[in-house]
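Working notes for the structure below.
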Amino acid sequence: MELDQLIKKCKKKNVKAQEQLYKLYSSKLFSICLKYANDYSSAEDTLQDAFITIFDKINQYKNQGSFEGWVKRITINTALQKFRKQKVFDIINEEQIEEVDVVIDEEDISLDYLLKIIQQLPDRYRLVFNLYVLDGYSHKEVAEMLEISIGTSKSNLARARNILKQKIETNQEPYVRSIEGQR
(Lines give C-alpha, C1' and ligand atoms only; values in the text may rest on other atoms or scores of the structure.)
Protein backbone atom coordinates (compact mmCIF):
# COMPACT_ATOMS: atom_id res chain seq x y z
CA MET A 1 0.00 0.00 0.00
CA GLU A 2 1.23 3.46 -0.89
CA LEU A 3 2.11 5.82 1.99
CA ASP A 4 -0.56 8.39 1.03
CA GLN A 5 -3.25 5.71 1.14
CA LEU A 6 -1.92 4.43 4.45
CA ILE A 7 -2.06 7.94 5.95
CA LYS A 8 -5.64 8.44 4.69
CA LYS A 9 -6.72 5.17 6.32
CA CYS A 10 -4.96 6.14 9.56
CA LYS A 11 -6.86 9.43 9.54
CA LYS A 12 -10.04 7.32 9.48
CA LYS A 13 -8.76 5.40 12.55
CA ASN A 14 -8.24 2.17 10.58
CA VAL A 15 -6.44 -0.16 13.04
CA LYS A 16 -4.82 -2.28 10.30
CA ALA A 17 -3.41 0.85 8.65
CA GLN A 18 -2.12 2.09 12.02
CA GLU A 19 -0.41 -1.26 12.53
CA GLN A 20 1.22 -1.01 9.09
CA LEU A 21 2.37 2.55 9.77
CA TYR A 22 3.81 1.41 13.10
CA LYS A 23 5.72 -1.42 11.40
CA LEU A 24 6.96 0.98 8.73
CA TYR A 25 8.38 3.61 11.12
CA SER A 26 8.87 1.98 14.53
CA SER A 27 12.52 0.96 14.08
CA LYS A 28 13.58 4.41 12.80
CA LEU A 29 11.67 6.18 15.55
CA PHE A 30 12.92 3.78 18.21
CA SER A 31 16.50 4.66 17.34
CA ILE A 32 15.59 8.32 17.97
CA CYS A 33 13.99 7.36 21.29
CA LEU A 34 17.14 5.47 22.31
CA LYS A 35 19.26 8.58 21.72
CA TYR A 36 17.18 10.60 24.15
CA ALA A 37 16.43 7.95 26.77
CA ASN A 38 18.48 6.83 29.75
CA ASP A 39 17.76 3.20 28.99
CA TYR A 40 15.97 0.77 26.72
CA SER A 41 12.77 0.68 28.78
CA SER A 42 12.41 4.48 28.75
CA ALA A 43 12.95 4.45 24.99
CA GLU A 44 10.14 1.90 24.58
CA ASP A 45 7.82 4.10 26.67
CA THR A 46 8.72 7.15 24.59
CA LEU A 47 8.08 5.27 21.35
CA GLN A 48 4.66 4.19 22.61
CA ASP A 49 3.80 7.75 23.64
CA ALA A 50 5.05 9.09 20.30
CA PHE A 51 2.81 6.75 18.31
CA ILE A 52 -0.18 7.67 20.45
CA THR A 53 0.50 11.32 19.60
CA ILE A 54 1.11 10.53 15.92
CA PHE A 55 -2.23 8.75 15.63
CA ASP A 56 -4.02 11.46 17.65
CA LYS A 57 -2.60 14.26 15.48
CA ILE A 58 -2.42 12.56 12.09
CA ASN A 59 -5.30 14.71 10.84
CA GLN A 60 -3.00 17.73 11.29
CA TYR A 61 -0.60 16.33 8.67
CA LYS A 62 -1.53 18.10 5.43
CA ASN A 63 0.64 16.09 2.99
CA GLN A 64 3.10 18.96 2.77
CA GLY A 65 6.71 18.10 3.40
CA SER A 66 8.08 14.76 4.45
CA PHE A 67 5.80 12.53 6.53
CA GLU A 68 8.90 10.88 7.98
CA GLY A 69 10.18 14.29 9.08
CA TRP A 70 6.80 15.00 10.66
CA VAL A 71 6.79 11.76 12.70
CA LYS A 72 10.43 12.30 13.69
CA ARG A 73 9.62 15.78 15.05
CA ILE A 74 6.73 14.36 17.05
CA THR A 75 9.01 11.65 18.43
CA ILE A 76 11.73 14.12 19.44
CA ASN A 77 9.15 16.42 21.04
CA THR A 78 7.65 13.47 22.91
CA ALA A 79 11.08 12.55 24.26
CA LEU A 80 11.78 16.15 25.27
CA GLN A 81 8.41 16.62 27.02
CA LYS A 82 9.33 14.48 30.00
CA PHE A 83 12.57 16.42 30.49
CA ARG A 84 10.81 19.77 30.32
CA LYS A 85 8.53 18.62 33.14
CA GLN A 86 11.52 17.43 35.19
CA LYS A 87 13.34 20.77 34.93
CA VAL A 88 16.64 19.03 34.15
CA PHE A 89 18.25 22.33 33.21
CA ASP A 90 19.80 24.06 36.16
CA ILE A 91 20.57 27.74 35.97
CA ILE A 92 24.29 27.67 35.45
CA ASN A 93 27.04 30.15 34.99
CA GLU A 94 27.40 30.43 31.24
CA GLU A 95 31.10 31.21 31.16
CA GLN A 96 32.79 30.15 28.00
CA ILE A 97 33.80 26.55 28.14
CA GLU A 98 36.43 25.45 25.71
CA GLU A 99 34.84 23.53 22.86
CA VAL A 100 36.38 20.12 22.38
CA ASP A 101 36.36 18.07 19.21
CA VAL A 102 35.87 14.39 19.84
CA VAL A 103 37.82 12.37 17.31
CA ILE A 104 36.60 8.81 17.02
CA ASP A 105 38.34 6.02 15.18
CA GLU A 106 35.21 4.34 13.85
CA GLU A 107 37.02 1.05 13.31
CA ASP A 108 37.92 0.78 17.00
CA ILE A 109 34.67 1.91 18.65
CA SER A 110 31.31 0.31 18.06
CA LEU A 111 28.08 2.20 17.54
CA ASP A 112 26.63 0.32 20.53
CA TYR A 113 29.44 1.62 22.75
CA LEU A 114 28.90 5.19 21.54
CA LEU A 115 25.17 4.96 22.16
CA LYS A 116 25.83 3.55 25.63
CA ILE A 117 28.12 6.40 26.67
CA ILE A 118 25.78 9.01 25.17
CA GLN A 119 22.93 7.49 27.21
CA GLN A 120 25.09 7.82 30.34
CA LEU A 121 25.40 11.59 29.95
CA PRO A 122 23.39 13.67 32.41
CA ASP A 123 20.00 14.51 30.88
CA ARG A 124 20.72 18.17 30.17
CA TYR A 125 23.96 17.34 28.34
CA ARG A 126 22.53 14.35 26.45
CA LEU A 127 19.54 16.32 25.19
CA VAL A 128 21.62 19.21 23.89
CA PHE A 129 24.24 16.86 22.39
CA ASN A 130 21.61 14.81 20.55
CA LEU A 131 19.67 17.80 19.25
CA TYR A 132 22.74 19.72 18.12
CA VAL A 133 25.15 17.00 16.97
CA LEU A 134 22.97 14.08 15.96
CA ASP A 135 19.80 15.83 14.79
CA GLY A 136 21.41 18.98 13.35
CA TYR A 137 19.48 21.70 15.16
CA SER A 138 21.14 25.09 15.73
CA HIS A 139 21.86 26.39 19.24
CA LYS A 140 18.98 28.83 18.78
CA GLU A 141 16.58 26.00 17.90
CA VAL A 142 17.88 23.83 20.77
CA ALA A 143 17.40 26.73 23.19
CA GLU A 144 13.81 27.24 22.01
CA MET A 145 12.96 23.53 22.14
CA LEU A 146 14.37 23.08 25.64
CA GLU A 147 13.35 26.52 26.91
CA ILE A 148 16.92 27.46 27.85
CA SER A 149 19.28 30.21 26.73
CA ILE A 150 21.61 29.87 23.76
CA GLY A 151 24.56 30.17 26.16
CA THR A 152 23.26 27.28 28.23
CA SER A 153 22.90 25.21 25.07
CA LYS A 154 26.49 25.96 24.09
CA SER A 155 27.93 25.27 27.53
CA ASN A 156 25.97 22.03 27.91
CA LEU A 157 27.20 20.88 24.50
CA ALA A 158 30.79 21.66 25.47
CA ARG A 159 30.40 19.76 28.75
CA ALA A 160 28.84 16.78 26.94
CA ARG A 161 31.73 16.68 24.48
CA ASN A 162 34.26 16.86 27.33
CA ILE A 163 32.60 13.96 29.15
CA LEU A 164 32.40 11.87 25.97
CA LYS A 165 36.01 12.61 25.12
CA GLN A 166 37.14 11.49 28.58
CA LYS A 167 35.07 8.30 28.42
CA ILE A 168 36.34 7.47 24.95
CA GLU A 169 39.97 8.14 25.88
CA THR A 170 39.83 6.13 29.12
CA ASN A 171 37.87 3.23 27.65
CA GLN A 172 39.35 3.16 24.17
CA GLU A 173 42.77 1.82 25.17
CA PRO A 174 41.57 -1.52 26.60
CA TYR A 175 39.05 -1.85 23.79
CA VAL A 176 41.69 -1.23 21.13
CA ARG A 177 44.03 -3.75 22.80
CA SER A 178 41.29 -6.40 22.86
CA ILE A 179 40.65 -5.90 19.14
CA GLU A 180 44.35 -6.09 18.34
CA GLY A 181 44.60 -9.31 20.35
CA GLN A 182 41.93 -10.83 18.12
CA ARG A 183 43.79 -10.12 14.90
Side-chain angles (χ1 to χ4, degrees), residues 3 6-7 10 13 15-58 60-61 65-90 102 104 106 108-139 141-148 152-153 155-168 170-172 175:
L3 181 61
L6 195 59
I7 293 168
C10 285
K13 309 277 188 227
V15 176
K16 293 275 187 204
Q18 290 176 335
E19 186 179 327
Q20 276 188 279
L21 194 76
Y22 178 86
K23 287 179 181 176
L24 187 62
Y25 287 103
S26 62
S27 63
K28 286 181 184 178
L29 299 182
F30 186 66
S31 66
I32 291 171
C33 295
L34 273 174
K35 289 189 307 189
Y36 290 94
N38 298 2
D39 55 43
Y40 197 87
S41 177
S42 296
E44 289 176 324
D45 290 345
T46 301
L47 180 67
Q48 182 72 24
D49 292 343
F51 269 102
I52 289 170
T53 303
I54 289 166
F55 293 134
D56 283 347
K57 296 186 177 207
I58 198 157
Q60 294 176 13
Y61 179 70
S66 159
F67 182 74
E68 185 173 322
W70 186 78
V71 297
K72 283 181 178 181
R73 276 191 305 280
I74 287 175
T75 303
I76 290 170
N77 284 329
T78 302
L80 296 180
Q81 268 180 326
K82 71 174 72 170
F83 295 107
R84 284 188 202 113
K85 291 176 188 170
Q86 294 173 1
K87 302 280 187 213
V88 298
F89 293 95
D90 302 330
V102 180
I104 299 169
E106 293 174 17
D108 291 339
I109 296 181
S110 73
L111 188 56
D112 288 339
Y113 174 71
L114 285 175
L115 181 58
K116 180 181 170 190
I117 63 173
I118 290 170
Q119 286 177 324
Q120 292 171 355
L121 287 170
D123 293 339
R124 62 186 173 268
Y125 302 155
R126 185 180 66 253
L127 295 174
V128 172
F129 181 85
N130 286 333
L131 288 168
Y132 186 83
V133 176
L134 302 179
D135 292 323
Y137 289 100
S138 69
H139 280 295
E141 293 168 320
V142 171
E144 289 170 2
M145 292 171 84
L146 299 177
E147 299 172 358
I148 58 176
T152 300
S153 176
S155 66
N156 284 344
L157 176 63
R159 286 187 172 109
R161 284 181 169 160
N162 280 325
I163 292 169
L164 291 174
K165 182 179 181 194
Q166 288 171 353
K167 286 183 183 244
I168 289 169
T170 58
N171 292 322
Q172 191 171 6
Y175 185 74

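Source: prediction; values computed, not measured.
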What pairs of residues pass the salt bridge (Lys or Arg N to Asp or Glu O under 4.0 Å) test when at least one of them lies in residues 33-43, not counting sequence neighbours? K35-D135
What are the two closest heavy atoms between F129 and I118, and how far apart are they? CE2-CD1, 3.7 Å
Across all chains, not counting sequence neighbours, the ring pair (Phe, Tyr, Trp, His ring centres under 6.0 Å) partners of F30 are Y40
Can you see which heavy atom on A37 is nearest to which on A43, and at what distance? CB-N, 3.5 Å
Taking every non-hydrogen atom, the tightest pair across P122 and I163: CD-CD1, 4.2 Å
State, with a plain yes or no, whether a side-chain heavy atom of N77 is found less than 4.5 Å away from one of M145. yes
Under the side-chain contact (heavy atoms from CB on, under 4.5 Å) test, residues paired with A143 that sit two or more places apart: I148, I150
What pairs of residues pass the salt bridge (Lys or Arg N to Asp or Glu O under 4.0 Å) test when at least one of them lies in residues 21-31, not counting sequence neighbours? E19-K23, K28-E68
Can you list the residues that meet the side-chain contact (heavy atoms from CB on, under 4.5 Å) rule with S31, with sequence neighbours excluded? none
State which residues pass side-chain contact (heavy atoms from CB on, under 4.5 Å) with Y61; sequence neighbours excluded, sorted by chain then number. I7, N63, F67, W70
Please identify each residue that fulfils side-chain hydrogen bond (donor to acceptor under 3.5 Å, both in side chains) with T53, with sequence neighbours left out. none
Among residues at least two apart in sequence or on other chains, which ones pass side-chain hydrogen bond (donor to acceptor under 3.5 Å, both in side chains) with T78? none
Between atom CZ of R161 and atom NZ of K165, what is the distance when rounded to the nearest 0.5 Å? 12.0 Å
Tell me every residue that passes side-chain hydrogen bond (donor to acceptor under 3.5 Å, both in side chains) with T46, counting only those two or more places apart in sequence or in another chain. K82
For the student: nearest non-hydrogen atoms of R126 and D123, plus distance: NH2-OD1, 2.9 Å
If a pair satisfies salt bridge (Lys or Arg N to Asp or Glu O under 4.0 Å) and one of its residues is in residues 42-52, list it, with sequence neighbours excluded. none
Partner residues of Q120 under the side-chain hydrogen bond (donor to acceptor under 3.5 Å, both in side chains) criterion, sequence neighbours left out: K167
For A17, give me all partners under side-chain contact (heavy atoms from CB on, under 4.5 Å), at least two apart in sequence or on another chain. L6, K9, C10, N14
Validation row: L146, N156 side chains within 4.5 angstrom (heavy atoms): no
Would you say the side chain of I76 lies within less than 4.5 Å of the side chain of L131, judging by non-hydrogen atoms? yes
In terms of heavy-atom contacts, Y36 and A79 come closest through CB-CB, 3.8 Å
Measure the shortest side-chain to side-chain distance between L114 and I168 over non-hydrogen atoms and say whether it is less than 4.5 angstrom. yes
Side-chain heavy-atom pair L29, K72 within 4.5 angstrom cut-off: yes
